[in-house]
S.K.: 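Sharing a structure with you now.
Per chain, numbering begins at 1; letters A, B, ... match sequence-line order. Keep in mind that the numbers below use all heavy atoms, side chains included, and drop hydrogens, waters and symmetry copies.
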There are 2 protein chains.
Amino acid sequence: MCSLPVPQEPLRRVAVTGGTHGNEMSGVCLVQQWLRDPGELQRASFAAVPVLANPAATAACRRYVDCDLNRVFTSTFLTARAHPDDPYEVTRARELNQLLGPKASGRAFDFVLDLHNTTANMGTCLLVKTTHDIFALHMCHHLQLQNPELPFLVSVDQHPGEETYDMTSVAKNGIGLELGPQPQGVLRADLLTRMRALVAKVLDFIQLFNQGTAFPAFEMEAYRIVRSVDFPRTEAGDLAGTVHPQLQDRDFEPLRPGAPIFQMFSGEDVLYEGESTVYPIFINEAAYYEKGIAFFQTEKLTLSVPALPALAPTPSPGP
Amino acid sequence: MCSLPVPQEPLRRVAVTGGTHGNEMSGVCLVQQWLRDPGELQRASFAAVPVLANPAATAACRRYVDCDLNRVFTSTFLTARAHPDDPYEVTRARELNQLLGPKASGRAFDFVLDLHNTTANMGTCLLVKTTHDIFALHMCHHLQLQNPELPFLVSVDQHPGEETYDMTSVAKNGIGLELGPQPQGVLRADLLTRMRALVAKVLDFIQLFNQGTAFPAFEMEAYRIVRSVDFPRTEAGDLAGTVHPQLQDRDFEPLRPGAPIFQMFSGEDVLYEGESTVYPIFINEAAYYEKGIAFFQTEKLTLSVPALPALAPTPSPGP
C-alpha cells in the first residue's frame, strides 16, 4: 500500500470543529460547551482548540446559509480575491483557512477532528479521506479497540487524484466523525454522550503518539464510496417514490442484486439492478435530497495497515 | 359536556392540506402526488381537494420562510390591509382563507384535514381543537376502531376562549394528523404508508356521515396541554443541557415527580419538580427549540362523547 507520510513531530496544534453544518447539533453543542469550558480538550502534550465552524448557519439552525461549507475548501475558493458578493461560506472558509491552515502549508494545524451528524442510521462512522492515510487509520483502529461495544465503520470518501474540499483538509491531517441517526436541529443525549467519549479517545490517541507510543500493523474493514443513487423523480423533479422500507435504516448492510431499493408512490417497487453486492450508506440523509442522492453505494475493503512507528525522542537541550 | 354544533348537512367541501410546514415530508409528498392524480381523494358524496399549503417553504424544504404559517390564521392577520412588507406566510394565509374560508363564514369549507410530522416519538396523534368538538372526536374514535393495531393518541390543544390560529381553523371543522418520529426533510416509507391509510379512513368516515350513518356515544382518552417546558439554557440563551435519555422518546408516558427530565452538559440531572404526574408530548421536537419548548406537559382526560345523530334525509325533489 502506498502510504502518506506519517507525522515526524508531536501533534501540538489540534482543533475540534463542530457546526460545519449548523443543524448537526451534537458537534454544535459540544463545541459551544468547550468554548465555555475547554478543560476536557487538554492533554499533557497539547490543548485542542474548539472551533464553531459555521456560526451564521448555527445561529439559523440550518446546514448552511449560502452554500455547503464542507465543499469549499478548494484552492480555487481559498485563493480567489475576496469580493463582497462572495457566499458567506466561502468567506468563512477563508477565515478558517487563516485560523487552521493555510491548507497544504507547513504552518497548518497538525490535526482537525470535524464533528457531524446524519439522519441516516449510520451508527458510529469515521470518515477518512484515503486508504493511504496511515495515521488516520491507526486512530480509527484505536477507537475501535477502545470501544468494542460500538459498531464502528470506516468510510473512505475520496477518489484518487481528486482535490480535497472538506473542513479537515485545511490541516495536515484530520478525520470526520459521523454519528446517526439524529434529526437535523435535534440534540439527543445518547448521541451527545457517545460523541463526547469518542472525541476524548481521539485526543488520547494523539497524546499516546506524542509521547512516543508505537502502534503495530493490523488489518481492518473499510467501505469506499463507488457511486451515488438518486431518488425516483417526476419529470418536474419532484419525488416519485422514496427509500424502500426494506432498505431504510440498513446502512452498511449488504444490498444484493434484485433487492428493492425504492417504493414508488404509485405502488410498485424499484429493484437494485447492479451486478454485485454493495453496501449502501447515508440512506435517506435529509441534506442529500437537494444534491440528488438517496444513498451511496460503497464497496467493502480489507485494508492491511502497516505499523505506525514511534516518534523519535525529542533531542534533549544541549549542555 | 357543552358541545359544538354538529354538521346538519353533508360535508361536500373537504380539503387535505400538506406542507403547512414545508419540511414535514409525508404531507408534502402525498399532496404533490394527489395533485398529479387525485383519484384517491374521491368518495361517492364528495371529492376532497389536495392543497399544498406553503409552496415557498416546501420549495426551500424549511418549516417556513418568514413566520410559522400554522400560527397566523387569526382575524388580526386575515383582515388587515395587505402590505408589500407582509411576511410571506401572512400573505399565503390570506390566500388560503380565500380558497378554503373565509374563516367563520357560511362559505367556508366543511372540513380541512391538515397533515404534519414531528421529530418526536408521537406515533399516531390526532390534534383536535376542543373537547367540545363532537364531530372531530367521533372521527378520531372511528380511526381508532378502524386501526386497532396503531397506538392512537388524541391531543386537545386549545385553551377555552383562545382564538384559533391554525390551518384548519379557516374551515368549519378540521383536525390535524401528527405522525412521528420523522426527521425534518426526510420521507420515510413507513410513515408515508401510515399517513396515506389514515387519510383514506378520514374520508371514509365523512362518506359514512354524509350517507346518513349515526354513531353511538362512547368514552375515550385524550391528552390536554397544560404547559410547556424550556430547555436549560446559559445566560446567553444557548443550550446548557438536553432532554434526559430517560425522557427521550417517551411521549405520552407518565412523568412522575422526581423523575429526570434534562441532562446538563456539566453532568448533573434536572428532575421534574411538579406535584402531579403529567404526560409529556412533542419531546425534543426540532421546530420547538426556537420557540423555547423542550416538551409539553399534558393531563390525561377521559371524555364522554355523546352520540352523533344521523343526518336528516335530504328532502326528495317535489312532484
S.K.: Can you pull the side chain to side chain donor-acceptor pair (under 3.5 Å) pairs that have at least one residue in residues 253-264 of chain B, sequence neighbours excluded?
M.R.: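 Pairs touching residues 253-264 of chain B that pass the test: none.
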
S.K.: Against chain B, label N23(A) side chain, backbone, both or neither, depending on which of its atoms sit under 4.5 Å from a heavy atom there.
M.R.: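 For N23(A), there is no contact with chain B at all, as no heavy atom is under 4.5 Å.
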
S.K.: Based on non-hydrogen pairs under 4.5 Å, which of L187(A), T119(A), N284(A) is most in contact with chain B?
M.R.: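 Maximum pair count with chain B is reached by L187(A).
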
S.K.: Sort by residue number and list every residue of residues 14-21 of chain A having at least one heavy atom under 4.5 Å from chain B.
M.R.: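 Those residues of residues 14-21 of chain A which would need a heavy atom under 4.5 Å from chain B do not exist here.
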
S.K.: Around atom CD of E95(A), are there more than 12 heavy atoms of other residues, nucleotides or ligands at under 6.0 Å?
M.R.: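 Yes, CD of E95(A) has more than 12 neighbouring heavy atoms, counting only those of other groups under 6.0 Å.
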
S.K.: So with a 6.0 Å cut-off around CD of E235(A), is the heavy-atom count from everything else above 12?
M.R.: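 No.
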
S.K.: Heavy-atom pairs under 4.5 Å with chain A - which of Q33(B), E285(B), E290(B) has more of them than the others?
M.R.: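 Heavy-atom pairs under 4.5 Å are most numerous for Q33(B).
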
S.K.: If you look only at pairs with a residue in residues 14-43 of chain A, which of them pass as a salt bridge (Lys or Arg N to Asp or Glu O under 4.0 Å), with sequence neighbours excluded?
M.R.: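 Qualifying pairs, neighbours excluded: E24(A)-R63(A), E40(A)-R196(A), R43(A)-D204(A).
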
S.K.: Tell me, for L30(B) versus chain A, whether the close heavy atoms (under 4.5 Å) come from the side chain, the backbone, both or neither.
M.R.: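 Contact with chain A is absent: no heavy atom of L30(B) under 4.5 Å.
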
S.K.: I need the contact set between residues 237-245 of chain A and chain B: heavy-atom distance under 4.5 Å, sorted by residue number.
M.R.: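 D238(A), L239(A), T242(A), V243(A), P245(A) fall under the 4.5 Å cut-off.
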
S.K.: With rounding to the nearest 0.5 Å, note down the distance linking SG in C61(A) to OH in Y289(B).
M.R.: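 Rounded to the nearest 0.5 Å, the SG-OH separation comes out at 8.5 Å.
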
S.K.: At a heavy-atom distance under 4.5 Å, which candidate from Q248(A), Q182(A), Q184(A) has the highest pair count against chain B?
M.R.: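 Top count of heavy-atom pairs under 4.5 Å with chain B: Q248(A).
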
S.K.: Can you tell which of T193(B), D190(B), V28(B), T234(B) has the highest number of heavy-atom pairs within less than 4.5 Å of chain A?
M.R.: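 Maximum pair count with chain A is reached by T234(B).
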
